[in-house]
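Both counts, for ligands and for their atoms, begin at 1 and track the order of listing. In what follows, every heavy atom counts, from backbone to side chain, and hydrogens, waters and symmetry copies are set aside.
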Amino acid sequence: MVKMLWMINRRKGEPERRKIITRINAYHGVTVATSSMTAKPYNAEFGLPLPGFLHADCPHFWRFGLDGESEEAFTERMARNLRDLIEREGPETIAGMFAEPVQGAGGVIPPSKGYFDAIRPILREYGIPLIADEVICGFGRLGEMWGSDHYDMEPDAIIASKCITAGYYPMGAVILGEKLANDLTEASEAAEEFPTALPQQAARSAARLP
Ligand SMILES: Cc1ncc(COP(=O)(O)O)c(C=O)c1O
């Protein structure tokens, strides 16, 4: 997903739009890139995160709420801090924000009340896609097909794995919303990376075969 965003932005003439936002206590994996997105202190052992991987606040009201702060005020502060982060870094340099609906390995942390409703308009305002990491929450774990349905996240893309095969076989998926799918199709036509199975493309590829 990160590589798709980078490729799309480069092909759209926005090569500087590369930074990735995740949240403190996020868990997204163990590769160099996904460890950089996994915002747990132990990744400092590896000299991570890599530059350009930014960690926003963890919306855990019980843990990070201030004395006397209501949950609503906490959510507003989370959103304000996210806006500050985006503006400090430069909105035109941010490729996307990744979020688990409920943060899983970081401590099973549901977001504070209204969290996704508060951050969604900020991301939209700056043209930053929201990507739901549904590796743990998808396929009914929160009572609906997607955890993002449960929280009305309205993500621009979904990452899924684990439950696709009930864990019997390792398989993951990146599911793009219409806008990103169109952007990727356009970018991949030129780059011939992440080829989409459009009939014209398939024909062109076949024509090149000996
Ligand atoms: C929310 C979330 N995202 C990503 C991953 C990483 O999955 P994988 O190790 O298959 O890359 C995990 C693993 O537990 C996860 O919980």
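At a threshold of 4.5 Å between side-chain heavy atoms, the hydrophobic network of Ile, Leu, Val, Met, Phe, Trp and Tyr places Ile175 and Ile159 in two separate groups.
Among residues two or more places apart in sequence or in another chain, the side chain to side chain contact (heavy atoms under 4.5 Å, CB included) test is passed with Ala56 by Ile21, Arg23, Leu82, Leu85.
Across all non-hydrogen atoms, the minimal contact from His55 to Thr22 is CD2-OG1, 3.3 Å. Between Ile128 and Gly96, the shortest heavy-atom distance links the atoms CG2-CA, 3.7 Å. Of all non-hydrogen atoms in Ala26 and Lys40, the two that sit nearest each other are O-CG, 4.0 Å.
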Are there any N/O pairs under 3.5 Å between ligand 1 and the protein, and if so, what are their distances?
| residue | atom | partner | partner atom | Å |
| --- | --- | --- | --- | --- |
| ligand 1 | 3 (N) | Tyr27 | O | 3.4 |
| ligand 1 | 3 (N) | Asp133 | OD1 | 3.2 |
| ligand 1 | 3 (N) | Asp133 | OD2 | 2.6 |
| ligand 1 | 14 (O) | Lys162 | NZ | 2.9 |

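Ring pair Tyr151/Phe116 is tilted by interplanar angle, where 30° to 60° counts as tilted.
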